[in-house]
Amino acid sequence: MLRTIIIIILSLTTVGSAVWGYKENQDKNAVLIQAENSYQRAFHDLTYNIDLLNDKIGSTLAMNSRKSLSPQLAEIWKITSEANTDVGQLPLTLLPFNKTEEFLFDVGDFAYRTAVRDLEKKPLSEKEVEVLKTLHKQSGEIRNELRKVQNVVLKDNLRWMDVQLALATNDEVGDNTIINGFKTVEKSVDGYTQSTMEAGMGNRGPEKSFRYLKGDKVSEEEVKKIASNWLEKVDPSKLTITKSGKGADVPTYTASFQSGEKNGYIDLTEKGGHPLTLMISRPLKDAEISLHEASNKAVKYLGGLEVEGLELIESNQYDKLGVFRFVYTKDGVRYYPDSIVVKVALDNGEVLGLSAREYYNYHNDRGLNDPEISEEEAKTKVNPQLKIQENYLAVIENDLKEQVLCYEFLTTMDNTTYRIFINASNGDEEKIETLKEAEVKFNKDV
């Protein structure tokens with residue numbers, strides 16, 4: 001009898017293990033399939049957008065109506081933005097592709113700058129027409145190379161997951177058709193910088209990320225201590241440390257932990273050990289503290305950064321979380337690119353999230369020119385139907401990725417709050433943000 005019971009238990013255990021293993025394998029396969037589908041979609045979207053970009057530039061060269069030219073150039077800017085997004089979704093972190101990304105950036109930059117000016121008063125110059133011809137030729141070469149890769153991908157049913165594995169393992173043995181194809185695309189752009197500079201466009205690629213970071217390199221042991229402190233005293237011995245691979249925009253260490261229903265991670269820069277991103281996940285209970293109390297927790301937490309001049313500008317509540325946005329302020333000027341977001345649990349005041357990537361990417365001592373228009377002149381540029389509540393000087397990043405000094409006006413109309421930015425040099429309306437009234441705090445003493 002006992003033997004029969006033991007056999008039954010062992011049989012059930014074996015079956016259970018098999019079912020569990022099958023289920024886990026199915027889950028892993030589902031994740032891999034989802035990732036592969038995302039990569040395939042991004043690649044084919046990229047190929048389509050480059051094809052479309054070449055056609056649009058060609059159409060621009062054929063246009064004679066300045067009225068049609070501005071919308072066409074704006075469309076080119078939009079396409080380059082979408083193409084760059086597609087590139088960012090592909091597993092090319094370890095594959096140098098910066099020349100192509102700079103090409104897309106410069107095409108969009110040229111198109112936008114030209115589209116927003118008055119082409120009736122300042123039409124395209126001969127030099128700019130030559131730039132367009134250069135861009136048309138170059139985009140055609142990139143299009144042809146991508147089409148070749150696309151043809152092979154579809155014909156041989158190649159997988160992007162294999163590309164990711166080959167890049168991560170430096171595998172030179174397998175079929176790396178996709179990798180070789182993208183290397184050819186990158187090579188085809190080699191002569192681009194020189195030719196565009198000669199054509200008068202110049203090289204205005206994206207600026208290097210995190211070039212203002214300060215501090216010495218930190219060791220893995222130092223990372224454990226720093227991470228433990230930011231994760232509010234998680235035992236350093238419980239942390240798993242991994243280092244970013246080649247190709248990352250900034251070398252980092254990631255410290256992660258798992259403790260029952262609670263888990264989380266923090267990304268720290270290798271240079272200086274600065275916290276970029278922190279995320280902690282756990283079940284949340286009903287709110288026990290107010291948004292004001294939670295904001296004080298966030299202010300105290302950021303004291304660990306040893307940074308002066310952080311100002312709380314927004315306090316929002318999302319269910320059981322308080323979300324607080326801070327910006328760097330100096331000499332009465334708000335620097336919106338230098339921003340930090342903190343998430344605080346409203347059940348016990350624990351910090352569950354931190355995003356400081358923008359702050360460490362942009363923060364530096366800037367030299368600002370004085371405003372060329374007065375505050376009163378700037379106010380005349382605001383819609384007269386809006387009621388101005390407060391105003392500041394602020395630095396923001398515009399559509400051209402340029403940092404510009406603006407007058408910032410917090411305004412209201414019909415129970416809606418707007419943040420209006422007026423360029424302090426020329427009076428242009430740079431940006432408008434719509435805010436929920438409950439999310440804005442006009443009281444600086446929060």
Side-chain angles (χ1 to χ4, degrees), residues 209-210 212-215 226-227 229-232 250 264 266-269 272-280 289-318 320-346 349-366 368 389-397 403-410 417-421 431 433-446:
S209 299
F210 297 94
Y212 302 114
L213 278 180
K214 297 179 180 179
I226 298 171
N229 182 56
W230 284 108
L231 292 167
E232 300 198 292
V250 57
I266 182 172
D267 293 330
L268 298 168
T269 60
H274 304 293
L276 298 183
T277 307
L278 175 144
M279 186 65 66
I280 296 176
I289 66 173
S290 67
L291 199 62
H292 177 73
E293 290 174 300
S295 72
N296 290 334
K297 295 276 187 180
V299 171
K300 183 178 179 180
Y301 186 78
L302 289 181
L305 290 178
E306 298 181 353
V307 174
E308 295 181 358
L310 289 178
E311 178 184 358
L312 176 62
I313 62 164
E314 289 181 32
S315 301
N316 308 314
Q317 181 172 346
Y318 298 97
K320 301 171 184 177
L321 276 176
V323 180
F324 308 97
R325 184 185 180 194
F326 297 80
V327 296
Y328 175 67
T329 303
K330 183 180 180 181
D331 298 330
V333 180
R334 290 176 165 184
Y335 292 85
Y336 275 85
D338 307 17
S339 66
I340 297 177
V341 176
V342 181
K343 296 181 181 180
V344 178
L346 297 179
E350 180 183 12
V351 173
L352 298 182
L354 169 72
S355 177
R357 292 186 69 90
E358 290 188 359
Y359 178 86
Y360 285 109
N361 190 14
Y362 291 108
H363 184 62
N364 69 99
D365 292 327
R366 302 166 175 86
L368 294 178
Q389 301 287 346
E390 291 189 3
N391 58 273
Y392 309 88
L393 277 175
V395 171
I396 65 169
E397 190 175 74
Q403 293 192 15
V404 293
L405 179 65
C406 296
Y407 287 101
E408 172 191 350
F409 297 101
L410 287 174
T417 303
Y418 302 91
R419 182 180 280 128
I420 314 291
F421 294 96
K431 185 183 293 186
E433 296 178 357
T434 303
L435 305 171
K436 294 180 181 178
E437 187 135 334
E439 296 179 349
V440 179
K441 301 186 79 67
F442 291 115
N443 183 3
K444 295 183 182 179
D445 299 325
V446 174

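Hydrogens, waters and symmetry mates play no part in the numbers below; they use all other heavy atoms, side chains included. Fair warning: this is a prediction, and the values are worked out from it, not measured in the lab.
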| said: Run L312 and E314 through side-chain contact (heavy atoms from CB on, under 4.5 Å) and show every step you take. | reply: CA-CA 6 Å; L312 176 62; E314 289 181 32; 5.9 Å; no
Working to the nearest 0.5 angstrom, can you tell me the gap between [X] [atom1] and [Y] [atom2]?
X: N364; Y: D338; atom1: CG; atom2: CG; result: 7.0 Å
X: F210; Y: L213; atom1: CZ; atom2: CG; result: 7.0 Å
X: F324; Y: I340; atom1: CZ; atom2: CD1; result: 14.5 Å
X: L354; Y: L302; atom1: CG; atom2: CG; result: 6.5 Å
X: I396; Y: C406; atom1: CD1; atom2: SG; result: 4.0 Å
X: T434; Y: R419; atom1: OG1; atom2: CZ; result: 11.0 Å

| request: Please confirm whether Y212 and H363 have ring centers closer than 6.0 angstrom. | output: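 No, the ring centres sit 6.0 Å or more apart.
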| task | Could you tell me whether F326 and Y359 have their ring centroids closer than 6.0 angstrom? | result | no
May I ask you to decide if [Y]'s main-chain N or O and [X]'s side chain share a donor-acceptor pair within less than 3.5 Å?
X: S290; Y: E293; answer: yes
X: D267; Y: T277; answer: no
X: Y407; Y: I420; answer: no
X: T269; Y: H274; answer: yes

[X] versus [Y]: any side-chain heavy-atom pair under 4.5 Å?
X: R366; Y: P337; result: yes
X: I280; Y: L231; result: yes
X: Q317; Y: L346; result: yes
X: F409; Y: Y418; result: no
X: L276; Y: L268; result: no
X: V341; Y: V323; result: yes
X: V333; Y: Y328; result: no
X: P275; Y: L278; result: no

Do you know which two heavy atoms are closest between [X] and [Y], and how far apart they sit?
X: A345; Y: I289; value: O-CD1, 3.9 Å
X: R357; Y: V250; value: NH2-CG1, 4.3 Å
X: A298; Y: V344; value: CB-CG2, 4.1 Å

| query | Under 3.5 Å, is there a donor-acceptor pair linking the side chains of E358 and Y336? | reply | no
| request: Check whether the side chains of Y335 and Q403 place a donor and an acceptor atom closer than 3.5 Å, and report yes or no. | output: no
| message | Does L368 form a side-chain contact (heavy atoms from CB on, under 4.5 Å) with V395? I'd like the steps, not just the answer. | response | CA-CA 9 Å; L368 294 178; V395 171; 4.0 Å; yes
| request: Evaluate side-chain contact (heavy atoms from CB on, under 4.5 Å) for N391 paired with L410, printing each intermediate quantity in order. | output: CA-CA 6 Å; N391 58 273; L410 287 174; over 6 Å; no
| task | Taking only Lys NZ, Arg NE, NH1 and NH2, and the carboxylate oxygens of Asp or Glu, determine whether K330 and E311 approach each other closer than 4.0 Å. | result | no
| Step-by-step side-chain contact (heavy atoms from CB on, under 4.5 Å) determination, L305 to Y360 | CA-CA 11 Å; L305 290 178; Y360 285 109; 3.2 Å; yes
| query | Would the number of heavy atoms belonging to other residues, nucleotides or ligands and lying under 6.0 Å from NZ of K431 be above 12? | reply |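 Enclosed: over 12 neighbouring heavy atoms sit under 6.0 Å from NZ of K431.
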